[in-house]
Every structure is written in structure tokens, then in C-alpha cells.
Amino acid sequence: MPFEIAIYRLLISGEAASGYRFDISAVRFQRMLGWTAGFWLLGSIPLHLPGAVAPSDGAEVIISVVLFALLIFATLRLAIFMPAIAVNAPGASVRNVFADTGGHGWLILKAYFATLLPFILVVISIVGFAWLSGADDIRSGIGSLAADVFAGLLRFLIWTCLVITSARLFMKIADRVKRSGPMASE
């Protein structure tokens with residue numbers, strides 16, 4: 001989390017961090033942690049809810065599709081919320097974020113897709129090469145360790161690129177969030 005906050009502050013405010021302190025008493029850190037936990041719950045519940053409440057496979061599929069669509073909608077509309085918290089933007093509220101992201105859904109979707117596309121292509125290429133070379137079980141022995149290290153590095157790079165994308169989106173579309181006072185909530 002300190003690394004994420006530092007990226008947001010560097011890109012948006014131009015504030016370079018001298019180090020990454022784990023200051024749990026900072027209000028910014030507490031807000032980021034709370035919202036991150038909330039987003040994690042919102043992202044995790046749809047994975048388990050359909051199987052728990054659906055009376056049939058058809059209902060489970062419908063519930064899964066609806067929950068996935070709601071998750072994508074929420075992600076697109078809250079794309080600039082974490083950067084707003086990280087830089088202590090005066091209008092950092094869900095209401096202002098929803099107002100700022102309204103009408104920019106395709107821009108946000110394209111930005112995240114363009115960010116993820118190279119990683120998707122890398123993974124598809126690796127899986128394709130492994131399949132063509134006849135690798136049956138890469139998840140055993142030394143292959144497992146190498147795969148885990150590679151997956152961890154890839155997740156770190158993906159997360160960093162998504163944070164950078166969110167910061168750039170904030171800089172482009174966050175008008176109400178950047179303002180304070182009565183006009184920010186209009």
C-alpha cells in the first residue's frame with residue numbers, strides 16, 4: 001500500500017517519496033486500507049455467492065453474469081477513487097468520483113484493456129509455447145518454483161501498471177474530485 005500511494009503521489013502531485021514508510025496511523029493509509037478491503041470483499045463475494053444461493057446451474061450462470069457485470073460497472077465508475085484518496089483530493093468522495101467518471105466508461109475500459117493487453121499476450125504466448133513443446137505439467141518440481149516466481153513478478157507488474165493507469169485517468173477526468181467547496185458536489 002505505501003508503494004501504491006507513492007506512485008499516485010509521484011504521478012499526480014509530483015511528490016517523490018524518500019522511502020516507503022508503513023505508517024498505519026496516517027489517515028490516507030487507513031482510508032486506502034479500508035477501501036481496499038471493501039473492494040476485495042466486493043470482488044470476492046461474486047465468486048462464492050452464485051453457488052451458495054442458486055437453486056440450479058442455470059440460475060448460477062445468470063447470477064454470475066449479473067454479478068460480473070456489476071463488478072465491471074463498479075470498477076469503471078470507481079477507477080479514480082484510490083488516486084483521489086492517495087493525494088488527499090479535496091472532493092475525494094464516491095459521489096464526486098461517480099460524477100467525474102460518468103460518460104467516460106469507454107475511455108476507462110479502453111485504458112485498462114490497453115494496459116492489460118501486453119500481459120495477456122505474454123501469458124497466451126507462454127502457454128502456447130509450453131503446449132507446443134509438449135510440457136505436460138509445468139507445476140511440478142523446479143518448474144513449479146519458476147512458475148510461481150514468474151507469476152508473482154507478472155502480478156506485481158500488472159498491479160503497478162494498473163495503478164499508473166488509474167493515476168493517469170485521475171489526471172484526465174477528475175474535475176469535481178480535484179475541487180473543494182460547494183461546487184464539488186454539484
Side-chain angles (χ1 to χ4, degrees), residues 1-47 68 70-120 122-123 148-186:
M1 187 117 7
F3 178 68
E4 186 178 341
I5 292 170
I7 291 173
Y8 288 138
R9 294 186 72 79
L10 174 65
L11 294 176
I12 296 169
S13 310
E15 178 184 308
S18 59
Y20 301 105
R21 286 185 338 152
F22 190 75
D23 187 11
I24 198 162
S25 63
V27 174
R28 173 183 342 157
F29 182 83
Q30 292 172 354
R31 284 188 74 195
M32 290 277 292
L33 183 62
W35 280 102
T36 300
F39 291 147
W40 176 79
L41 279 174
L42 287 175
S44 297
I45 289 172
L47 297 174
F68 182 74
L70 289 173
L71 185 65
I72 294 297
F73 173 78
T75 300
L76 294 178
R77 294 304 299 269
L78 293 169
I80 62 172
F81 189 55
M82 298 305 267
I85 293 172
V87 297
N88 293 328
S93 69
V94 173
R95 180 179 178 186
N96 286 338
V97 167
F98 264 69
D100 282 345
T101 56
H104 295 287
W106 283 112
L107 170 73
I108 297 167
L109 186 65
K110 288 186 293 186
Y112 284 132
F113 181 74
T115 301
L116 291 173
L117 185 59
F119 297 107
I120 293 168
V122 165
V123 169
D148 288 344
V149 168
F150 177 76
L153 288 172
L154 192 63
R155 281 192 297 268
F156 175 75
L157 286 173
I158 290 170
W159 186 254
T160 302
C161 289
L162 291 174
V163 167
I164 292 168
T165 302
S166 294
R168 295 298 184 195
L169 287 167
F170 175 87
M171 294 165 58
K172 183 171 179 67
I173 63 176
D175 295 327
R176 288 174 188 86
V177 172
K178 292 177 189 174
R179 293 184 283 174
S180 63
M183 294 185 72
S185 61
E186 291 181 344

Keeping the roles fixed (side chain from Ser93, backbone from Asn96), state whether a donor-acceptor pair exists under 3.5 Å. yes
With no hydrogens and no angle check, do the side chains of Thr75 and Tyr112 hold a donor and an acceptor under 3.5 Å apart? no
Are Phe170 and Val87 close enough that some pair of their side-chain heavy atoms sits under 4.5 Å apart? yes
Note: Ala111 and Thr115 closest approach over all heavy atoms is O-OG1, 2.8 Å
Looking at every non-hydrogen atom in both residues, tell me the closest pair between Ala89 and Val177 and how far apart they are. CB-O, 3.5 Å
Going by heavy atoms in the side chains, are Phe3 and Trp159 under 4.5 Å from each other? no
Nearest heavy-atom contact between Ala92 and Ile85 is CB-N, 4.3 Å
Check: Phe73 ring centroid to Phe68 ring centroid under 6.0 Å: no
Between Leu169 and Leu107, is there a side-chain heavy-atom distance shorter than 4.5 Å? yes
If you apply the rule side-chain contact (heavy atoms from CB on, under 4.5 Å), what do you find for Leu162 with Leu116, and how did you get there? CA-CA 8 Å; Leu162 291 174; Leu116 291 173; 4.1 Å; yes
Main-chain N/O of Ala86 paired to Arg9 side chain as donor or acceptor, under 3.5 Å: yes
Side chain proximity check, Ile80 to Ser166, heavy atoms < 4.5 angstrom: no
Shortest non-hydrogen pair, Asp175 vs Asp100, comes out as N-OD2, 3.1 Å
Are side-chain heavy atoms of Arg77 and Val97 found at a separation under 4.5 Å? no
If every non-hydrogen atom of Glu4 is compared with every non-hydrogen atom of Met32, which pair is closest and at what distance? OE2-CE, 3.7 Å
Taking the side chain as everything from C-beta on, heavy atoms only, tell me whether Ser13 gets closer than 4.5 Å to Tyr8. no
Taking all heavy atoms of Ile24 and all of Gln30, pick out the closest pair and write down the distance. O-NE2, 3.1 Å
pair Phe150-Arg155: side-chain heavy atoms closer than 4.5 Å: no
Do Val123 and Leu154 have side chains that approach each other closer than 4.5 Å (heavy atoms only, starting at C-beta)? yes
